[in-house]
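Structure first, then comments.
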2 protein chains.
Amino acid sequence: MGQGMSKSNNVYKDAYNRCLRLLDETRSLPSEPELGTLLGVSRTTVRSILARMEETRLITWNKRAKTVLRDPVPDDFFPEEETDTLADIIERSFMRRLLASGAEAGMQINELELAREIGVGTTSVREFLIRFSRFGLIEKRRNSHWVLKGFTRAFALELTEIREMFELRSAAAFAALPQDSPVWADLNGLEDEHRLLAREIATRFNEFSELDERFHRLIHRASRNRFIVDFYDVIAMIFHYHYQWNKAQERERNEVAVGEHLAYIEALKSRDLGKVDAACRKHLKSARQTLLTSIPENRLPQKS
Amino acid sequence: MGQGMSKSNNVYKDAYNRCLRLLDETRSLPSEPELGTLLGVSRTTVRSILARMEETRLITWNKRAKTVLRDPVPDDFFPEEETDTLADIIERSFMRRLLASGAEAGMQINELELAREIGVGTTSVREFLIRFSRFGLIEKRRNSHWVLKGFTRAFALELTEIREMFELRSAAAFAALPQDSPVWADLNGLEDEHRLLAREIATRFNEFSELDERFHRLIHRASRNRFIVDFYDVIAMIFHYHYQWNKAQERERNEVAVGEHLAYIEALKSRDLGKVDAACRKHLKSARQTLLTSIPENRLPQKS
DNA sequence: AAACTGTTTTTTCACGATAAAAGACATTAA
DNA sequence: TTAATGTCTTTTATCGTGAAAAAACAGTTT
C-alpha cells in the first residue's frame, strides 16, 4: 500500500474532515481566505476542499457563493488513519517498539529496517530520529547507527529532576505575575474544569491527562523562558506514552492528582510563595512516584 | 563544483590526514582493526587509506607488513576544507548569515534558498535545521517555513538563566563527589593548564575558549543528568560563534575568566558548598555580562 | 479601495537511487 | 585457536525528482 507515493495529502484530508463539521453549523461557507485561517491551511488546500464538496454535492460553489446543500454523512469523511501526518505514524510505530518488552538499553536502531517495517522512506525516519533525539532516549554514533538508551529508572529520575527545577521556578514566577495578567483568568478557567472533573471523576477520569497538560503548560509559560517551555514537550511526550502503556490504578491516580492540582491552584491564587512552593513540591513528588513505580527495573542501573 | 555528488568522502580524507601524522612517530603501522580504533573509522576506510599511502609511496603494504618509507610532506595532506563534514559546512554558512547584520527576528528561513546558496541538497539543510532547532533560535511553522527568532538580548537572558541553574547544581554535585572519584584528577589537570595559560596569557589568550569548554563540561558532567549535560551543547555553540564574532577586549576578558576559574577550582577543591556557590555565581555573572554587552539591542524586546 | 477569486510560481515533503562507510562473513597466517 | 587479512553485504549520507501545499501575483467583484 502506498509505495512510490511522493507525499500524502493528509493535510487536505484532515482539513476536509474538519470542514465537514463546519457544515452542520451554517447554511453557507465564508470566503476562501477566511476558511484558510479557520482551518489553518492555505487557500490552495481550501480550494481543493471546496472542489470536492461541490463534486459530492455537499455544496454548490460559484465564486463567492458557497451554499450548503445537505448535511454530511459518515461516508463523506475520509478515514481517520488517512489524516495522520507521517511524523505521527512513525512516532507511534517507534514508541510501540520502544515500550514493548525486548527493547533493551544499548540496542542499536537501524534506519533502513525501521523504514521498511513502517513502510516509509528512510529520509522521514532519519528526520524523525533527529527530532526525537532531544528526548534523551536515543543517541547517534557518528557515521553509524543510533543507540537506544532505554526507558529506564535513570531516565525517569533525570527527567523529573529537571522538571521539578523548572516547575518550581515557573510556579514562583507565576505567583509573582501582576493581578491584571490574563493568566489569572486562564487559571480560573482551569480551576472550574478541575472542579467539574472532580465531581464526575468516576466516569471521566480518562480526560485528566489532557487537562493535566494544559495546566502545567500554563504554569511553565510563566517562566517566559523558551528552554523551560520547550522542555515541557519532553515531559508531555513521556507522560503521554507512559499513560497509554500503564493504565493500572488510573482512576485513583487521577483523582489524587486532581486534588493536588486544586490545592496547587489555591496556593497560586494566594500568591504566597511559601504555599506555592509547598503545593508544587507535593504534587511533583507524587507525579514522580507514579512514573517511577510504573517502570520495572530488572537490571542494575548502568554506570555513565 | 561538486554537483550531482552523492556523498563526499570527507571521513576518509580526514582520517587519512590524521593517519599521516601517525607516520612521523613509527616505522611501521599497526594492524587494520587497531588503526580503525585509533582513527575512529571502520576497517573499510582504513584499507582505503593504506591503499593510497602505498600508491603515493609513503609505505609498503603487504598483508601485515606496513613499513613506513618516508615522512609525509605538506603536499601529501588533503586540503583542510575537504575534510569538513557537510553538517559543519551548513552550520558555518547558516551562522554567518545569522550573525551578519540584516538577520532580523521574525525573518523567514527558506530551505531551498539556503540549499542553493550553500550548494547542497535540501535534505541536508532540512536535517540541519531540525537539529539546530533545539538551540531555540529558530522555530518551525507547521507545513510551512522556519522562522528566525533572532540572537537577541531576550535569548541571551533565557539561555543564561538555565545555564546558571544547571551549573550551580552541577557544581554542588561536583563538590559532593567522593575523594576517590577520577574527576579530582581531571580537575587538577585543568588547574595546571589554567595556571600555565595565566602565565602566558599575553600570547595565548585565544586558547582560552577551548579550555573554558572542557572545564565547564567537566562540571556539568557531575550532575549525572543527560539533560544538563546535553544543554551544554547549546551554551558551547552560542559561545563558540559569539567569540568568533566579538573579539573586542578578548585578552582582558579571558584573563579575568582564567582568574575566576582558578578561584572556582579552589572552591571546588575545598568542598565547601558555600564557597563553591559563591565562586560559581561570581563567574557566571561575569560570563553573562560579557555575553550581554556584546549583543546590540536596537529594538524593544518583543512580547511573546 | 478593499477584499475576494482565478492563475501561476515557489517551497515543502517524501521518495528512490547511488556512492561512501560500516559491518559481517570467509579465509589465512601466526 | 586467536587475530589478522580478504571479500561480500548492509547501512548511512546525500542527491535529484515530483506531488502536495503554500505563497505570490493578477484580475474581478462588491
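Predicted model only: the values in this text are computed from it and were never measured. Order of the sequence lines sets the chain letters (A, B, ...), proteins ahead of strands, with each chain counted from 1.
- Per the geometry, NZ belonging to B:Lys13 stands 10 Å off P belonging to C:dA20, to the nearest Å.
- The NZ-P distance, from B:Lys63 to D:dT7, rounds to 9 Å in whole Å.
- Comparing B:Glu111 and B:Ser8 by the nucleotide of DNA chain C whose heavy atom lies nearest to each, the residue mapping closer to the 5' end is B:Glu111.
- Residue-level contact check: B:Ile109 touches the backbone only, with heavy atoms under 4.0 Å from sugar-phosphate atoms and none from bases.
- Separating the CD atom of A:Glu82 from the P atom of D:dA20 is a distance of 14 Å, rounded to the nearest angstrom.
- Picking from C:dA3, C:dT12, D:dA22 the nucleotide with the shortest atom distance to the side chain of B:Leu112 gives C:dT12.
- A 6.0 Å sphere centred on CZ of B:Arg142 holds no more than 12 heavy atoms belonging to other residues, nucleotides or ligands.
- With rounding to whole Å, B:Glu34 atom CD is found 11 Å from D:dA3 atom C1'.
- Using a 4.5 Å heavy-atom threshold, the side chains of B:Asp230 and B:Phe227 count as separate.
- Taking the six-membered ring where the residue is Trp, A:Tyr12 and A:Tyr16 present tilted rings, their angle falling between 30° and 60°.
- Remark: B:Asp76 engages B:Arg70 in a salt bridge, criterion side-chain N to carboxylate O under 4.0 Å.
- When the nucleotides C:dG23, D:dT5, C:dT5 are ranked by their closest atom to the side chain of A:His145, C:dG23 comes out on top.
- Toward the 5' end of DNA chain C, the nearer of the two residues B:Ser42 and A:Ser31, judged by each one's closest nucleotide, is A:Ser31.
- Residue side chain B:Thr44 reaches the base of C:dA22 through a donor-acceptor N/O pair under 3.5 Å, judged by distance alone.
- Scanning atom types as modelled, one donor and one acceptor separated by under 3.5 angstrom connect the side chain of A:Lys7 and the base of C:dT12.
- Between the C1' atom of C:dC4 and the CG atom of A:Leu50 lies a distance of 13 Å, rounded to the nearest Å.
- Distances shown here put every side-chain N or O of A:Lys140 at or beyond 4.0 Å from the OP1 or OP2 atom of D:dT11.
- Note: A:Tyr232 and A:His216 have parallel aromatic rings, judged against thresholds of 30 and 60 degrees for the angle between ring planes.
- Evaluation of atom-type donor-acceptor distances gives no pair under 3.5 Å for the side chain of A:Ser124 against the base of C:dA14.
- When the side-chain nitrogen and oxygen atoms of A:Arg116 are compared with OP1 and OP2 of D:dT11, one or more of them lie within a distance under 4.0 Å.
- A straight line from CG of B:Asn110 to C1' of C:dC13 spans 14 Å, rounded to a whole angstrom.
- Here D:dA22 is the nucleotide among C:dA20, D:dT12, D:dA22 with the atom lying nearest to any side-chain atom of B:Asn143.
- OP1 or OP2 of D:dA13 lies within a sub-4.0 Å distance of a side-chain N or O belonging to A:Arg126.
- Looking at which nucleotide of DNA chain D each of A:Thr122 and A:Arg43 is closest to, the 5′-most match is held by A:Thr122.
- For the pair B:Arg64 and C:dA29, the criterion of a side-chain N or O lying under 4.0 Å from OP1 or OP2 is not met.
- Remark: of the listed residues B:Arg64, B:Lys66, B:Arg43, B:Arg43 is the sole one forming a side chain to side chain donor-acceptor pair (under 3.5 Å) with B:Glu32.
- You'll find that the side chain of B:Ser6 is closest to C:dA19, out of D:dA20, D:dG6, C:dA19.
- As a whole-Å value, the separation of B:Leu129 CG from C:dC13 C1' is 14 Å.
- Atom-to-atom, CH2 of B:Trp61 to P of D:dA4 comes out at 15 Å; the value is rounded to the nearest Å.
- In this model, the phosphate group of C:dG23 is approached by a side-chain N or O of A:Ser144 to a distance below 4.0 Å at OP1 or OP2.
- Neither OP1 nor OP2 of D:dG16 sits under 4.0 Å from any side-chain N or O of B:Thr123.
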